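Computed from a prediction, not measured in an experiment: that's the story for all the values here.
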Amino acid sequence: MPQLPAPAYPAEVLTRLEADAKEVIARYPGSRSALLPLLHLVQSEEGYVSRTGMAFCADQLGLTTAEVTAVATFYTMYRRRPSGDYQVGVCTNTLCAVMGGDAIFDRLKDHLGVGNDETTEDGKVTLEHIECNAACDFAPVVMVNWEFFDNQTPESATQLVDDLIAGRTVEPTRGAPLCTYKDTARILAGFPDRRPGAVEASGGAGAASLVGLKLAKGEAGPHARVVAPRGETPQDAQPQKGAEHLSSHDAPQKTSASDPEHPAGPAAEEGE
């Protein structure tokens, strides 16, 4: 059966959101470009992107609800059902997984009594696995409302969610202080984070992320180990004294099975 039209926001909520939406839309030369921040805006109201929120975005931008739904269902940062105050995402992509991400995720599922993309009964924590947190040099990584908690273990992650549920102060490893998921969504919609010191606390890359840059600038010390750039021999790269290759990933070595010069010969087509 076709769904009934989405219910409208209450009048006072609608008035407030319309004023915010007008401010967001004014930032863009084409109104359609405001769709992503508007989805964050309605998510900040309900904690997820409801049918009411999508209808609101469509009305504000002159789009169909189908066009809005296509975008809202494409990006995983938009929740499609009610979620907790704290979105706890555990990276289970390759590097984090082998460093312990899978073990962390399994422990949290058992500890919280929820599965992937499910919320605890008290509405505090929604647990989900994430394909990549873009912080491989700090693996395994957990994010809470998109703030980093680096180098986690099953024990530290369990303590983290316990602290969130108990309402204790939790400090990210780096980045701004933690706030609720709704507050985070409003910030992602482009509205200022007015908490004292929050912007300054955002900081920059962590020390592990800067190692490669320091190597490239020759600032890593006399015993730093480097990998020669592609297309250069270690001699051409002129590494520092005592340097050595860490791996063959970026070294000028022809190791692909598709390389005719590979010891095993060129890879054959399937069936040959």
Side-chain angles (χ1 to χ4, degrees), residues 8-50 52-63 68 71-72 74-80 82-89 119 123-126 128 130 132-135 138 141-150 160 163-164 167-206 209-210:
Y9 284 121
E12 66 277 8
V13 174
L14 182 60
T15 299
R16 173 165 45 80
L17 288 179
E18 285 177 338
D20 288 340
K22 183 178 180 180
E23 181 179 338
V24 171
I25 294 170
R27 302 172 190 155
Y28 299 91
S31 62
R32 188 189 184 105
S33 299
L35 178 54
L36 296 182
L38 280 191
L39 287 168
H40 283 299
L41 175 64
V42 297
Q43 187 158 253
S44 74
E45 183 64 33
E46 300 180 83
Y48 72 110
V49 179
S50 65
T52 298
M54 287 189 281
F56 172 83
C57 292
D59 289 342
Q60 296 299 306
L61 299 175
L63 302 174
V68 175
V71 174
F74 181 83
Y75 295 102
T76 58
M77 289 181 74
Y78 300 122
R79 308 294 303 166
R80 294 300 312 283
S83 59
D85 293 332
Y86 300 100
Q87 187 79 24
V88 176
T119 303
K124 290 287 187 179
V125 171
T126 297
E128 70 171 344
I130 295 177
C132 184
N133 280 326
F138 296 98
V141 176
V142 174
M143 295 194 87
V144 181
N145 295 350
W146 311 116
E147 298 295 347
F148 288 105
F149 290 81
D150 302 321
L160 170 62
D163 289 341
L164 293 172
R168 290 188 284 267
T169 300
V170 172
E171 295 290 342
T173 308
R174 51 201 164 96
L178 205 60
C179 58
T180 68
Y181 190 63
K182 289 182 179 181
D183 290 335
T184 300
R186 184 169 178 82
I187 295 169
L188 291 174
F191 292 94
D193 186 347
R194 302 193 182 281
R195 295 175 297 158
V199 175
E200 293 77 8
S202 295
S209 302
L210 299 176

For this session: Check whether any side-chain heavy atom of Leu164 sits under 4.5 Å from a side-chain heavy atom of Lys124, and report yes or no.
Result: no

Problem set entry | Side-chain heavy atoms of Met54 within contact of Val49, under 4.5 Å | yes

Exercise. To the nearest 0.5 Å, how far apart are CG in Leu38 and CG in Leu63?
Worked result: 9.5 Å

Problem set entry | Spacing of CD belonging to Glu18 relative to CD1 belonging to Ile25, to within rounding of 0.5 Å | 10.0 Å

Problem set entry | Shortest non-hydrogen contact from Ala8 toward Thr52 | C-CG2, 4.0 Å

Problem set entry | Side chain Ser44, main chain Leu41, donor-acceptor under 3.5 Å | yes

Exercise. Can you tell me how far OH of Tyr181 sits from CD of Gln43, rounded to the nearest 0.5 angstrom?
Worked result: 3.5 Å

For this session: Find out whether Glu46 and Pro82 are in side-chain contact, i.e. whether some heavy atom of one side chain is under 4.5 Å from a heavy atom of the other.
Result: no

Exercise. Is a side-chain donor or acceptor of Thr126 paired with a backbone partner of Thr119 at a separation under 3.5 angstrom?
Worked result: no

Problem set entry | Where Pro37 and Tyr28 come nearest, the two heavy atoms and their spacing | CG-OH, 3.5 Å

For this session: Give me the ring orientation class for Tyr9 and Phe56: parallel if the planes are under 30° apart, tilted from 30 to 60°, perpendicular past 60°.
Result: perpendicular

Problem set entry | Pairwise side-chain contact, Leu160 with Phe149, heavy-atom cut-off 4.5 Å (strictly under) | yes

Exercise. How about Ile187 and His40: do any of their side-chain heavy atoms sit closer than 4.5 Å?
Worked result: no

Problem set entry | Heavy-atom side-chain contact between Leu35 and Leu39 under 4.5 Å | yes

For this session: Starting from the C-alpha separation in whole Å, work towards a yes-or-no answer on salt bridge (charged side-chain N to carboxylate O under 4.0 Å, His left out) for Arg79 and Glu128.
Result: CA-CA 11 Å; Arg79 308 294 303 166; Glu128 70 171 344; 3.4 Å; yes

For this session: Test salt bridge (charged side-chain N to carboxylate O under 4.0 Å, His left out) on Glu45 and Arg16 and set out the steps.
Result: CA-CA 10 Å; Glu45 183 64 33; Arg16 173 165 45 80; 2.7 Å; yes

Problem set entry | Flag, side chain of Arg186 to backbone of Asp193, donor-acceptor distance under 3.5 Å | no

Exercise. Short question: side chain of Ser83, backbone of Gly47 - any donor-acceptor pair under 3.5 Å?
Worked result: yes

Problem set entry | Arg168 atom CZ: more than 12 heavy-atom contacts under 6.0 Å | yes

For this session: Would you confirm whether Asn133, through its side chain, and Phe148, through its main-chain N or O, come within 3.5 Å as a donor-acceptor pair?
Result: no

For this session: Mind checking the CD-CD spacing from Glu171 to Glu147? Nearest 0.5 Å is all I need.
Result: 10.5 Å

Exercise. Would you say Asn145's side chain and Gln87's backbone share a donor-acceptor pair under 3.5 angstrom?
Worked result: yes

Problem set entry | Short side-chain to backbone donor-acceptor contact, Tyr78 and Leu36, under 3.5 Å | yes

Exercise. In Å, rounded to the nearest 0.5 Å, how long is the span from OG1 of Thr184 to CH2 of Trp146?
Worked result: 10.0 Å

